[in-house]
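Heads up: the structure comes next, in structure tokens.
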Amino acid sequence: MMAEGSLIVVGTGIRLAQQCTPEARDAIESADVVFAVVPDAVAEHWLGTLNSNLVSLQSLYGGERTRAETYEEMTEAILSGVRDAKRVCAVFYGHPGVFVTPSHEAVRRARTEGFDAHLLPGISAEDCLYADLGVDPGRLGCQSYEATDFIVNERKIDTTATLIIWQIAVAGDLTFRVLEPDARRLGVLAEVLLEDYPPDHNVIVYEAATLPVTAAKMQTLPLRDLYDAEVSQVSTLYVPPLTRPKPSQARLALLKERLG
Ligand SMILES: C[S@@+](CC[C@H](N)C(=O)[O-])C[C@H]1O[C@@H](n2cnc3c(N)ncnc32)[C@H](O)[C@@H]1O
């Protein structure tokens with residue numbers, strides 16, 4: 001038998017109110033308690049109009065904590081409500097399962113402890129990027145990486161596909177405490193990209209609009225100038241493909257051989 005208490009994890013989308021799905025909204029409205037990790041007071045206020053029993057976890061960022069410590073505290077705060085036999089809704093901005101650690105971890109722990117727990121899809125920054133920049137990931141393929149992961153690990157980049165790099169404000173921060181951008185760390189990200197792309201390859205620093213009254217920001221600049229870009233905590237880097245993919249004659253022959 002399922003333990004009493006449950007968890008549903010939802011996203012608000014990026015453009016407040018407008019991109020929150022009906023099922024996410026229902027979950028927020030019908031919860032006993034809502035834990036929220038949303039970026040600003042406007043978003044918190046809006047959530048408060050849907051459910052007055054709102055607990056903001058945003059203040060757990062910063063101070064002396066590493067991001068891992070913050071995520072652990074968020075996860076345990078959410079779980080505490082579930083263990084108290086409440087119907088808990090945890091709300092993150094964007095898609096709650098895209099580049100978000102405590103959402104997946106809270107669902108995993110809740111299930112391990114015998115609670116009903118699931119995560120609903122939402123509209124992510126990448127979804128907005130596809131719409132605003134007119135990119136279809138199915139046309140030439142698409143790779144998505146977190147910026148520090150991209151710098152530190154020896155990735156094999158496919159320059160014939162789109163490349164999207166998340167969290168460029170904290171690119172290369174190995175303390176996992178910093179929240180602000182730094183031109184030197186951005187410069188290192190550019191140097192890593194220059195291993196595969198030429199200096200004059202144009203990239204876009206992208207910020208989706210977060211309110212109905214604001215517009216998306218798109219800064220186009222050559223890779224060599226990336227260190228100089230205006231970057232915020234919600235900037236994502238779009239690197240377009242450099243060349244077209246080359247068809248593999250061997251695989252075409254294989255298909256022909258197998259299928260006639
Ligand atoms: C912790 S992740 C959260 C992503 C979020 N869950 C989503 O579904 O988009 C934060 C990163 O998402 C990207 N991001 C968040 N808001 C954005 C926006 N308004 N425009 C572009 N990218 C954004 C940035 O790369 C940022 O550093």
Side-chain angles (χ1 to χ4, degrees), residues 9-21 24 35-40 42-43 46-47 57-58 60-62 65-75 78 90-107 119-135 137 142-151 162-173 176-182 185-186 189 193 203-220 226 229-239:
V9 180
V10 305
T12 57
I14 297 293
R15 197 140 49 253
L16 191 63
Q18 293 185 315
Q19 292 181 344
C20 185
T21 65
F35 291 95
V37 184
V38 289
D40 52 52
V42 182
W46 178 71
L47 287 173
L57 300 180
Q58 191 66 24
L60 294 177
Y61 277 115
R65 297 178 190 90
T66 62
R67 284 197 287 284
E69 287 163 350
T70 295
Y71 298 155
E72 175 61 23
E73 286 186 40
M74 286 177 175
T75 306
I78 293 165
V91 186
F92 295 82
Y93 76 97
H95 184 310
V98 173
F99 289 82
V100 184
T101 303
S103 56
H104 287 293
E105 186 55 22
V107 169
L119 183 150
L120 302 180
I123 295 183
S124 71
E126 190 165 318
D127 296 315
C128 296
L129 181 151
Y130 294 146
D132 287 332
L133 302 189
V135 174
C142 186
Q143 312 148 91
S144 248
Y145 293 106
E146 194 279 330
T148 302
D149 166 337
F150 180 78
I151 291 175
T162 292
L163 172 62
I164 294 175
I165 303 186
W166 298 65
Q167 303 199 155
I168 58 172
V170 292
D173 164 41
F176 298 100
R177 284 189 165 85
V178 168
L179 298 174
E180 299 307 322
D182 177 324
R185 287 190 278 100
L186 272 179
L189 174 61
L193 286 164
V203 297
I204 299 178
V205 175
Y206 167 75
E207 283 181 30
T210 54
L211 293 171
V213 287
T214 55
K217 290 187 194 160
M218 304 167 205
Q219 261 176 95
T220 303
L226 183 62
E230 266 181 47
V231 164
S232 79
Q233 285 173 28
V234 294
S235 298
T236 297
L237 186 69
Y238 166 71
V239 183

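For ligands, and for the atoms within them, numbers begin at 1 and follow the listed sequence. What's counted below: heavy atoms across the whole structure, side chains too, no hydrogens, waters or symmetry copies.
- Shown here for S103 and G97, the closest heavy-atom pair between the two residues is OG-CA, 4.2 Å.
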- Message: Apply salt bridge (Lys or Arg N to Asp or Glu O under 4.0 Å) to residues K217 and D132 and explain how you reach the verdict.
- Response: CA-CA 10 Å; K217 290 187 194 160; D132 287 332; over 6 Å; no
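- T236 and E126 share no side-chain donor-acceptor pair at under 3.5 Å.
- Note that CE of M74 and OG1 of T101 are 10.0 Å apart. Values are rounded to the nearest 0.5 Å.
- No donor-acceptor contact under 3.5 angstrom links the side chains of T75 and E105, judged on distance only.
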Exercise answer, ligand 1 polar atom pairs (N/O) under 3.5 angstrom:
residue	atom	partner	partner atom	Å
ligand 1	6 (N)	Y93	O	3.2
ligand 1	6 (N)	H95	O	3.0
ligand 1	6 (N)	V98	O	2.9
ligand 1	8 (O)	H95	N	2.7
ligand 1	8 (O)	H95	O	3.3
ligand 1	9 (O)	A125	N	2.8
ligand 1	19 (N)	A208	O	3.2
ligand 1	20 (N)	A208	N	2.7
ligand 1	20 (N)	V234	O	3.2
ligand 1	22 (N)	V234	O	2.9
ligand 1	22 (N)	T236	OG1	2.7
ligand 1	25 (O)	Q167	N	2.9
ligand 1	25 (O)	S235	O	3.1
ligand 1	25 (O)	T236	OG1	2.7
ligand 1	27 (O)	Q167	N	3.3
ligand 1	27 (O)	Q233	O	2.9

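- Without hydrogens or angle criteria, R185 side chain to G172 main chain gives no donor-acceptor distance under 3.5 Å.
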